[in-house]
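This report concerns only the one structure given below.
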Amino acid sequence: MQWYTGNVLYDTFLIVGFIYAALVLVSSFFGTAQYGGRFGGRGKGLKLGSKLGWVVMEFPGLLVFPLVYMTGRNALEPVPLFFLCIWMIHYSNRALITPLLMRVQPGTQSSFALNVVIAGWFTISLHGYFNAAYISELGDQYTISWFSDPRFIVGLIIYWVGFSLNIYSDTILRNLRSLQPTPNEPRYKIPYGGLFRWVSCPQYFGEILSFVGFAVMTWNLGAVFVLAMTAANLIPRARYTHKWFHKNFEDYPAERKAIIPFIL
Ligand code: NDP
């Protein structure tokens, strides 16, 4: 498969995107991105709370993909439409459902710094542009027979497993807090159940798996870029979280790995 599409703008952005992903990976060895609960709250300047921070940061995922997608000549074809649906479901969960269901401990510091939100916009806009432009315009493999291609079928199964694991694990974490958390209850507890039996961050493992599945089922380098960015972000974040659990809970289960069962 040739890697370039022949569209100079797209191919140039893609190269820049992969260099950016490599830089994110290198920088993540020096500290995880400062958003969300236990890793947020540091740094100066304007900050948003967890719920609003997630919605504002992830919202381009719901805008850029459909806007670019609509301009493509294959926008009304069944296979691209199927990928549009998957994308919108995924980002509706990430940008709206998960943040709105989140249970925030009262008195928690605002944790999304503006520079983190802006970096998030840049990354998520690139995700949307690369995938929408390829799926609805530049890719020529998405005829109706793609639905019976082994790459589509295997990728869809991996996607479904990953997405389900992510949602299930997020639900376990959410239920560690009461519906209306009070300042007196402990903010963090040890999660049990599901893949928490073997790893500290199955929610991140599920997220990465879902993008492995998306890359396989769409068979495009834009999706590999999303996967690279997600893995560069979440694998180090899982390792920081794993160490954080060991530091904060003496009775933390010793057999758990950080993110990939029995391996990492
Ligand atoms: P966490 O999974 O660390 O936290 C999610 C929620 O659960 C927060 O409300 C958090 O509270 C709470 N929580 C976490 N651990 C505990 C615990 N031990 N006890 C009680 N409550 C707990 O979240 P992230 O913010 O890193 O990720 C949220 C989702 O977004 C995940 O599904 C992740 O996969 C996805 N994500 C995707 C990325 C990508 O690149 N595609 C990047 C980052 C995240 P509090 O806020 O107080 O810590």
Side-chain angles (χ1 to χ4, degrees), residues 21 24-25 28 32-41 47-55 57-58 60-61 87 90-112 116-117 119-124 126-128 162-179 181 183 185-196 199-212 214-215 223 225-242 244-249 252-253 256 258-259:
V24 169
L25 179 63
S28 63
T32 188
Q34 294 181 11
Y35 60 81
R38 61 173 76 84
F39 299 120
K47 292 198 209 90
L48 303 174
S50 290
K51 280 176 186 272
L52 187 61
W54 272 110
V55 175
M57 186 170 83
E58 297 283 335
W87 187 277
H90 194 97
Y91 274 93
S92 298
N93 177 58
R94 178 66 53 249
L96 297 174
I97 298 171
T98 306
L100 296 179
L101 290 178
M102 209 170 251
R103 299 176 186 176
V104 180
Q105 186 93 348
T108 308
Q109 268 191 322
S110 293
S111 56
F112 276 77
V116 173
V117 172
W121 284 342
F122 177 67
T123 307
I124 295 160
L126 282 181
H127 288 181
F163 190 58
S164 309
L165 174 63
N166 174 264
I167 290 184
Y168 184 60
S169 311
D170 273 350
T171 306
I172 291 178
L173 284 176
R174 181 162 57 244
N175 288 330
L176 290 175
R177 284 189 195 146
S178 50
L179 212 50
E185 66 183 84
R187 179 169 173 189
Y188 293 110
K189 296 172 192 155
I190 301 177
Y192 292 97
L195 231 65
F196 281 105
V199 290
S200 296
C201 297
Q203 75 280 30
Y204 297 161
F205 184 44
E207 182 85 2
I208 291 172
L209 265 188
S210 69
F211 283 121
V212 171
F214 193 74
F225 169 71
V226 181
L227 172 61
M229 285 299 296
T230 304
N233 187 5
L234 292 185
I235 293 174
R237 194 171 175 84
R239 299 187 71 182
Y240 285 109
T241 304
H242 185 64
W244 180 94
F245 270 123
H246 275 285
K247 198 170 147 208
N248 287 277
F249 294 94
Y252 194 68
R256 283 188 199 178
I259 181 163

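Atoms within each ligand, like the ligands themselves, are counted from 1 in listed order.
The distance from atom CD of E58 to atom OH of Y91, rounded to the nearest 0.5 Å, is 6.0 Å.
R256 forms a cation-pi arrangement with Y192, by the criterion of a distance under 6.0 Å to the ring centre and an angle within 45° of the ring axis. A cation-pi arrangement is found for R177 relative to Y188, the charged atom lying closer than 6.0 Å to the ring centre and inside a 45° cone about the ring normal.
Between L101 and R174, the shortest heavy-atom distance links the atoms O-CD, 3.1 Å. Between T171 and I167, the shortest heavy-atom distance links the atoms OG1-O, 2.7 Å. Contact detail for P253 and I190: the closest heavy-atom pair is CD-CG2, 4.1 Å.
Close placement of the H90 and F211 rings is indicated, their centers lying within 6.0 Å of each other.
Proximity of R187 to ligand 1, defined as any heavy-atom pair under 4.0 Å, is shared by backbone and side chain alike. Neither the backbone nor the side chain of T98 has any atom closer than 4.0 Å to an atom of ligand 1 (non-hydrogen atoms only). Of all the heavy atoms of L234, the ones lying under 4.0 Å from any atom of ligand 1 belong exclusively to the side chain. Only the side chain of R237 comes within 4.0 Å of ligand 1, judged by heavy-atom distances.
Inclusion of R174 in the set of residues having an N or O under 3.5 Å from an N or O of ligand 1 is not warranted.
Ligand 1 places these atoms under 4.0 Å from at least one heavy atom of D170: 31 (C), 32 (O). Close contacts of ligand 1 with N233, meaning ligand atoms under 4.0 Å from a residue heavy atom, involve 40 (O), 42 (C). Short contacts between ligand 1 and F245, defined as distances under 4.0 Å to a heavy atom of the residue, involve ligand atoms 18 (N). Those atoms of ligand 1 with a heavy atom of Q203 less than 4.0 angstrom away are 1 (P), 2 (O), 31 (C), 34 (O).
Of the options E207, E58, H90, R177, the smallest heavy-atom separation from atom 45 (P) of ligand 1 is shown by R177. Among F196, Y188, F211, the residue whose heavy atom lies nearest to atom 16 (C) of ligand 1 is Y188.
Residue contacts with ligand 1: T108 is excluded, as none of its non-hydrogen atoms falls under 4.0 Å.
Take W121 and apply the ring pair (Phe, Tyr, Trp, His ring centres under 6.0 Å) test, not counting sequence neighbours, and it matches no residue.
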